[in-house]
Amino acid sequence: MASAAATASSFIGTRLPDVPSNSVRVQARFGFGSKKGAAPKKAAPKKGRPDRPLWYPGARAPEWLDGSLVGDYGFDPFGLGKPAEYLQYELDSLDQNLSKNSPGEIIGTRFESSDLKSTAFQPYSEVFGLQRFRECELIHGRWAMLATLGALAVEWLTGVPWQDAGKVELIDGPSYLGQPLPFSITALIWIEVLVIGYIEFQRNAELDPEKRLYPGGKFFDPLGLAADPEKKATLQLAEIKHARLAMVAFLGFAVQAAVTGKGPLNNWATHLSDPLHTTILDRFL
């Protein structure tokens, strides 16, 4: 009875030919959205441009960084962008008449596809895929560019370092560049949650990978700067370079604030007053 049920099941798979008649071992192939009974094939890696610039002379780019992404210089020393490979096991032996049932053996490997699904909360079927990493890098970089500019501008105009801005808001009430705002802290939090939440929900509803990164249109490109394809590629490369620089810069702001307790402009002025004796090494030597 169990043998017949296992053979008829389209989910479990097909019986292995070398299994004895008194045992029930089956071969399971989990497609997760692909055709039943067919294991997904590994896509052949694309060949990148051999003359493209890399992050240091003589470096060899990994096969998953083929130069198709904007700003791809073959930098992935920890292999974070390598496509995840999952092992497929056959089911354990289920013969109740045996004193010991043998465990299932490896029957192959499976790669998750990086397709987008119509799910607004998590559209990526593979959350550790290269395309999602690029989306996270670009979005974090855009926030870092805004944060870096904001930290410098606020300290220059008000004298308050970015790490103390929240303290001032809690004590003196909400303000922007020294001007009071007609909202309470609670109201501002609710406004931010609703506005940003709505924007993120709409962004995740977009299933076109290109439009998710570069929506364009009258709201995100009102001057039509990306109308020319060649100019668009140049602007995309400039954006990802500035985004990476801004992320490193704000990391430096955070380290400076933790070590010195001052803002970036204050630290810069202190360094310029005595460049040879006011460095980060002086804090530890």
Side-chain angles (χ1 to χ4, degrees), residues 71 116-124 127-129 131-223 225-226 235-236 238-267:
L116 293 173
K117 301 178 295 183
S118 56
T119 305
F121 293 103
Q122 179 48 261
Y124 285 100
V127 295
F128 296 105
Q131 181 63 31
R132 184 174 182 272
F133 281 162
R134 165 45 56 92
E135 181 176 322
C136 293
E137 179 188 28
L138 193 57
I139 292 177
H140 283 79
R142 287 167 178 169
W143 280 114
M145 287 189 283
L146 289 173
T148 302
L149 178 61
L152 295 175
V154 168
E155 185 177 357
W156 176 49
L157 294 174
T158 66
V160 179
W162 67 272
Q163 68 269 22
D164 294 334
K167 301 177 184 177
V168 176
E169 296 282 324
L170 292 175
I171 296 174
D172 299 335
S175 62
Y176 187 76
L177 297 179
Q179 302 298 321
L181 296 176
F183 304 104
S184 64
I185 294 292
T186 304
L188 287 176
I189 292 175
W190 275 109
I191 291 174
E192 181 178 355
V193 169
L194 294 176
V195 172
I196 300 300
Y198 174 78
I199 294 174
E200 283 295 297
F201 188 86
Q202 293 297 320
R203 184 181 66 83
N204 279 328
E206 176 60 60
L207 300 182
D208 186 349
E210 180 72 14
K211 290 185 178 180
R212 288 177 64 87
L213 299 180
Y214 308 101
K218 61 181 180 180
F219 295 108
F220 299 98
D221 188 16
L223 301 179
L225 300 178
L235 292 174
Q236 289 176 347
E239 181 187 33
I240 194 64
K241 286 183 176 181
H242 284 81
R244 291 166 177 169
L245 181 61
M247 287 188 284
V248 175
F250 203 85
L251 176 62
F253 289 180
V255 173
Q256 284 181 323
V259 174
T260 67
K262 301 177 182 179
L265 292 183
N266 195 328
N267 280 314

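The first residue of the sequence shown is numbered 1, and numbering continues consecutively from there.
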Verdict with reasoning, R134 to I240, per side-chain contact (heavy atoms from CB on, under 4.5 Å):
CA-CA 10 Å; R134 165 45 56 92; I240 194 64; 4.3 Å; yes

M145 and L245: CA distance, side-chain angles, deciding distance, side-chain contact (heavy atoms from CB on, under 4.5 Å) verdict:
CA-CA 8 Å; M145 287 189 283; L245 181 61; over 6 Å; no

Carefully, step by step, assess L138 and Y214 under the rule side-chain contact (heavy atoms from CB on, under 4.5 Å).
CA-CA 10 Å; L138 193 57; Y214 308 101; 3.8 Å; yes

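Heavy atoms only, all atoms of each residue included: P161 and G159 are closest at CD-O, 3.6 Å. Pairing each heavy atom of A243 with each of G141, the nearest pair is CB-CA, 3.5 Å. The nearest pair of heavy atoms linking A246 to T148 is O-OG1, 3.5 Å. What you find for P264 and L152 is that their closest heavy atoms are CG-CD2, 3.8 Å. Among all heavy-atom pairs drawn from F183 and P174, the shortest one is O-CG, 2.9 Å.
One distance of note links CD1 of I199 with CG of N204; it measures 12.0 Å at 0.5 Å rounding. Atom-to-atom distance recorded for L181:CG and E169:CD is 7.0 Å, nearest 0.5 angstrom. From I139, atom CD1 reaches atom CZ of R212 across 7.5 Å, with rounding to the nearest 0.5 Å. Atom CG of L194 sits about 12.0 Å away from atom CD1 of I189, to the nearest 0.5 Å. For the atom pair R142 CZ and L213 CG, the distance stands at 7.0 Å (nearest 0.5 Å).
Under a cut-off of 6.0 angstrom, the local environment of CD in E210 is crowded, with over 12 non-hydrogen atoms contributed by other residues, nucleotides or ligands.
Comment: E135 does not engage R132 in a salt bridge, judged by the lack of any side-chain N to carboxylate O separation of less than 4.0 angstrom. Between E200 and R203 there is a salt bridge, since a side-chain N of the basic residue sits under 4.0 Å from a carboxylate O of the acidic one.
Side-chain N or O atoms of E155 include one that pairs as donor or acceptor with a backbone N or O of L265 at under 3.5 Å. No donor-acceptor distance shorter than 3.5 angstrom exists from the side chain of Q256 to the backbone of G263, with no hydrogens or angles considered.
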